[in-house]
Chemist: 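Here it is, the structure, as structure tokens.
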Amino acid sequence: MPNTPIVLNDLSLQLLEKDPELYLEVLTYLSQEETGCAKEDLKAKLNETPYETWHSNHAFSLCRLVGKMNSEVLESGEYGEASYYGSSNPEGIDEDLAISIFQMIYLCGGDIFAKDYYDKTPQEWLKEDKDTSLFYRVNNEKFKDHVLECCRNK
């Protein structure tokens, strides 16, 4: 952990994209009662829906970052860093790490059924991503199965 005090604003979707391990550490830290971070404030932060993530909250944004970006986008040369959410992490988040992050987001009040700008839930997006989005990822079946199973049981 950094030497400076961790505050709620340290938990960002940019951190999730660029340093998912640190994101999980920050979220885990903030989830502990002794940090003084109010549960409602943490829940609100996890459910923010900024423009740059297609108005996706933290759970949905995570779904957009797991696995390697598809070869058509990577090889096209059209999409450089900062051209889309996830562009600074083309190799994506490791599936096991992503499952841990997803579980922690859910435990802290992240809405795993929240819709994005296109009125899709994370589950719909994960099922249809190759058919409906240019920016889909590959090698993320374990994570997809986990999320879909989690949501089936809620």
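Every heavy atom of this structure was used, including side-chain atoms; hydrogens, water molecules and symmetry mates were not.
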Chemist: Applying side chain to side chain donor-acceptor pair (under 3.5 Å), name anything that partners D129, two or more places apart in sequence or on another chain.
Modeler: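 Counting only residues at least two positions away or on another chain, D129 forms a side chain to side chain donor-acceptor pair (under 3.5 Å) with K144.
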Chemist: CD1 of I112 to SG of C63: how many Å apart, nearest 0.5 Å?
Modeler: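 SG of C63 is found 9.5 Å from CD1 of I112.
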Chemist: With sequence neighbours excluded, what pairs up with D41 under the side chain to side chain donor-acceptor pair (under 3.5 Å) test?
Modeler: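 D41 satisfies side chain to side chain donor-acceptor pair (under 3.5 Å) with no other residue.
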Chemist: What residues, two or more places apart in sequence or in another chain, satisfy ring-ring contact (aromatic ring centres under 6.0 Å, His included) together with Y79?
Modeler: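 Applying ring-ring contact (aromatic ring centres under 6.0 Å, His included) to Y79 gives F135.
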Chemist: Who passes side-chain contact (heavy atoms from CB on, under 4.5 Å) against Y118, sequence neighbours left out?
Modeler: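 Counting only residues at least two positions away or on another chain, Y118 forms a side-chain contact (heavy atoms from CB on, under 4.5 Å) with W54, D116, K120.
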Chemist: Please list, chain by chain and in numerical order, all residues satisfying side chain to side chain donor-acceptor pair (under 3.5 Å) with S56, sequence neighbours excluded.
Modeler: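 For S56 the side chain to side chain donor-acceptor pair (under 3.5 Å) partners, ignoring immediate neighbours, are R64.
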Chemist: With E72, which residues qualify under salt bridge (Lys or Arg N to Asp or Glu O under 4.0 Å), at least two apart?
Modeler: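 So E72 forms no salt bridge (Lys or Arg N to Asp or Glu O under 4.0 Å) with any residue.
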Chemist: With sequence neighbours excluded, tell me which residues meet side-chain contact (heavy atoms from CB on, under 4.5 Å) with T132.
Modeler: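 Counting only residues at least two positions away or on another chain, T132 forms a side-chain contact (heavy atoms from CB on, under 4.5 Å) with E128.
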Chemist: What residues form a side-chain contact (heavy atoms from CB on, under 4.5 Å) with D111, not counting sequence neighbours?
Modeler: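 Listed in chain order: N47, N57, F113, A114.
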Chemist: With sequence neighbours left out, what residues match K43 under salt bridge (Lys or Arg N to Asp or Glu O under 4.0 Å)?
Modeler: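 For K43, no residue satisfies salt bridge (Lys or Arg N to Asp or Glu O under 4.0 Å) once neighbours in sequence are set aside.
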Chemist: Residues in side chain to side chain donor-acceptor pair (under 3.5 Å) with K130, at least two apart?
Modeler: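 With neighbours one apart ignored, the set is empty.
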Chemist: May I have all residue pairs that pass side chain to side chain donor-acceptor pair (under 3.5 Å) and include part of residues 5-16, sequence neighbours excluded?
Modeler: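 Only Q14-E52 qualify under side chain to side chain donor-acceptor pair (under 3.5 Å).
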Chemist: State, to 0.1 Å, how close T121 and F60 come at their nearest heavy-atom pair, and which atoms those are.
Modeler: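 Answer, listing the atom of T121 first, then F60: C-CE1, 3.6 Å.
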Chemist: Mind checking what makes side-chain contact (heavy atoms from CB on, under 4.5 Å) contact with S71, not counting sequence neighbours?
Modeler: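 So S71 forms a side-chain contact (heavy atoms from CB on, under 4.5 Å) with E75.
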Chemist: Is it the case that the side chains of Q103 and H146 hold a donor-acceptor pair, with the cut-off being a distance below 3.5 Å and no angle test?
Modeler: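 Distance-only check passes for H146 and Q103.
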